[in-house]
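Quick one: the structure is below, questions incoming.
Letters go in sequence order (proteins before strands), and every chain restarts at 1.
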2 protein chains.
Amino acid sequence: MPTISKENYLKSIYSLNLTYGESVSTSQVAMKLEITNAATSEMARKLAKQGYLHYEKYKGVELTEKGRKIALQIIRRHRLWEVFLIKVLGLSWSEVHDEAEKLEHNTSEELINKIDKHLNYPEFDPHGHPIPNEKGEIPQMPVLVSLLEATVGKNYKIFRVADESSELIEYLTKLNLFLYQDIKIIEKLSFDNSIIVQVNGTNHSLSEKVAEKVSVSILK
Amino acid sequence: MPTISKENYLKSIYSLNLTYGESVSTSQVAMKLEITNAATSEMARKLAKQGYLHYEKYKGVELTEKGRKIALQIIRRHRLWEVFLIKVLGLSWSEVHDEAEKLEHNTSEELINKIDKHLNYPEFDPHGHPIPNEKGEIPQMPVLVSLLEATVGKNYKIFRVADESSELIEYLTKLNLFLYQDIKIIEKLSFDNSIIVQVNGTNHSLSEKVAEKVSVSILK
DNA sequence: TTTCCAAGTTAAGCATGCCTAACATAAAAG
DNA sequence: CTTTTATGTTAGGCATGCTTAACTTGGAAA
């Protein structure tokens, strides 16, 4: 088991690689972790020696399979905790990140699997990021459309709300428009672009402003 | 904020004081934390300097109000996590301690209060230990009797099961005899000392062996 | 092609928190 | 009382993970 510090390096390297591709420079990692380049170079040497990454001086780092596995494990824990804190304990969108940042390093495999099960194995976190499963497999991102572009008569799953303000979230929650909730598009009113959706048999009208912030994926 | 290590010292000192009273020797702490006396002496000096405890060479340590407050905070977090892991996530009795041991140092005030609320402010953990409230106040332990000593016709709350084996717990759980569950004593059969209790309107017979392990507190 | 500078590395130092080994003290045994 | 022993403390070391300061290096500008 790597230390908390090492887990954070591996996680950062993984995500920098996703964003920029190819090998990641030590200074990119330093920037991300808000530490000095010096610390990063030193750690790169250690992590390479322990088989978590390939490192050639002046040429950046690249995760090995072993390192990637750890990174995905930490990311899985982070995202599951985020979903859990929001959906089960009612923390606010703005609070969960920092909280999950600490919990992700202090959660056993057994515990995170219980949480996964309790949440019914979600595939994406509240930001729409994929949650790796127990084996480290990453769910494919579905095609998303905003509610404005959805087709009348079809069924969708609420995937993401493009606004972290709790006001909008609370409004939608009152209408039972939770994350992952299945809905049906009943009607689109062309005169004001509002949309009528059905949730658990109940119809709600959503204004254009609200509808454009709600991303949904189509259900077969 | 003290470090994780310091939190553990303060927690240990608090509980040793409860058990043995008066001032706590550095070697008692060392024993409890499974580290050397040397490390403990050194830490005692640091904690004293930071105002968490009083320390006189060769005379042991004693928590200050400031130290006691931290200790109670950590104990609160530990016990609430234990209850939460068991009741909400279904971890087993044997798993929760180690898990809570890590989580207790990585949980914000806000998060633990949400957990407290979600559990409906429990006063005692699954082992029967009191859970300090947000202000650090410790609930008074109720008078406990084993089910064998309970009085026919009266109502009780299940407080503790004096057996950590999951077999007994699972058996009781099947009968809806959860922790904190309210029950009524219907009848005691003198020929085999078995007891008939009512749970949510349903009667169950418990053998003497089982009944003696279940501690209950009387309800007014 | 050479120069120069930003990016990257090494070296030395510090805080934390542990260890072992050597030393000090209190209190019990003689 | 004095001696012994168990209990407790100090000193010196080590691993981790960070810092600053001094140094390399690779590649773009001249």
Side-chain angles (χ1 to χ4, degrees), chain A residues 1-14 16-17 19-63 67 70-71 74 101-102 104-106, chain B residues 1-14 16-17 19-63 67 70-71 74 101-102 104-106:
Chain A
M1 271 294 112
T3 62
I4 289 174
S5 193
K6 284 173 184 169
E7 288 181 348
N8 280 327
Y9 276 91
L10 297 174
K11 191 177 61 154
S12 296
I13 292 165
Y14 178 88
L16 286 166
N17 171 266
T19 311
Y20 302 108
E22 280 304 300
S23 89
V24 173
S25 72
T26 51
S27 53
Q28 279 179 301
V29 178
M31 182 97 72
K32 182 128 189 167
L33 292 173
E34 300 184 86
I35 55 177
T36 60
N37 284 3
T40 312
S41 286
E42 200 183 341
M43 187 58 100
R45 209 166 11 83
K46 285 185 197 170
L47 288 171
K49 206 168 101 184
Q50 291 172 53
Y52 293 112
L53 42 81
H54 299 295
Y55 170 48
E56 250 187 290
K57 278 196 210 175
Y58 299 102
K59 295 202 175 172
V61 296
E62 202 159 354
L63 293 181
I70 301 284
I74 303 303
E101 204 67 27
K102 291 181 292 174
E104 68 189 10
H105 304 293
N106 294 281
Chain B
M1 270 296 111
T3 62
I4 290 174
S5 194
K6 284 173 185 170
E7 288 181 348
N8 280 328
Y9 276 90
L10 296 175
K11 192 177 61 153
S12 296
I13 292 164
Y14 178 88
L16 286 166
N17 170 265
T19 310
Y20 302 108
E22 280 305 300
S23 88
V24 173
S25 72
T26 51
S27 54
Q28 279 179 301
V29 178
M31 182 97 73
K32 183 128 189 168
L33 291 173
E34 298 184 88
I35 56 177
T36 59
N37 284 4
T40 312
S41 287
E42 201 183 343
M43 187 58 98
R45 208 166 11 83
K46 285 186 198 170
L47 289 171
K49 205 167 99 185
Q50 291 173 54
Y52 293 112
L53 43 79
H54 299 295
Y55 170 49
E56 253 188 290
K57 276 196 210 174
Y58 298 102
K59 294 203 175 172
V61 296
E62 201 159 353
L63 294 181
I70 301 285
I74 303 304
E101 204 67 27
K102 291 182 292 175
E104 68 187 11
H105 304 294
N106 294 282

Sugar-phosphate only, base, or nothing, as touched by B:T36 at under 4.0 Å among non-hydrogen atoms: base
Interatomic distance, B:N106 atom CG to B:I4 atom CD1 [nearest 0.5 angstrom]: 5.0 Å
Short side-chain N/O contact from B:K57 to OP1 or OP2 of D:dT10, under 4.0 Å: yes
d(CD1, A:I35; C1', D:dT19) in whole Å: 11 Å
B:N37 CG - C:dA21 C1' separation (whole Å): 14 Å
Minimum-distance nucleotide to A:S41 side chain [options: C:dT10, D:dT10, C:dG17]: C:dT10
Short side-chain N/O contact to D:dT16 OP1/OP2 from A:Y9, under 4.0 Å: no
Residue pair B:K11 / B:I70, side-chain heavy-atom distance below 4.5 Å: no
Side chain of A:Y58 (C-beta onward), nearest among D:dG17, C:dG17, D:dG26: D:dG26
Sugar-phosphate only, base, or nothing, as touched by B:S25 at under 4.0 Å among non-hydrogen atoms: sugar-phosphate
Between C:dG17 (P) and B:L47 (CG): distance, integer Å: 9 Å
Straight-line distance of B:K102 NZ to B:E104 CD, nearest 0.5 Å: 11.5 Å
Whole-Å gap separating C1' (D:dT10) and NZ (B:K46): 14 Å
B:E42 CD - C:dA15 P separation (whole Å): 13 Å
B:E62 versus B:H54, side-chain donor and acceptor atoms under 3.5 Å: no
A:M43 side, atom CE; A:Y55 side, atom OH - distance, nearest 0.5 Å: 12.5 Å
Listed nucleotide nearest any side-chain atom of A:T3, set C:dC18, C:dT16, D:dT16: D:dT16
Closest to the B:A38 side chain, choosing from C:dG17, D:dT9, D:dT10: D:dT10
side-chain N/O B:S5 vs C:dC18 OP1/OP2, d < 4.0 Å: yes
Rounded distance in Å - CD (A:E7) to C1' (D:dT16): 15 Å
Separation of atom NZ in A:K59 from atom C1' in D:dG26, rounded to whole Å: 10 Å
Nearest-Å distance for atom pair CG/P, residues B:L33 and C:dC18: 8 Å
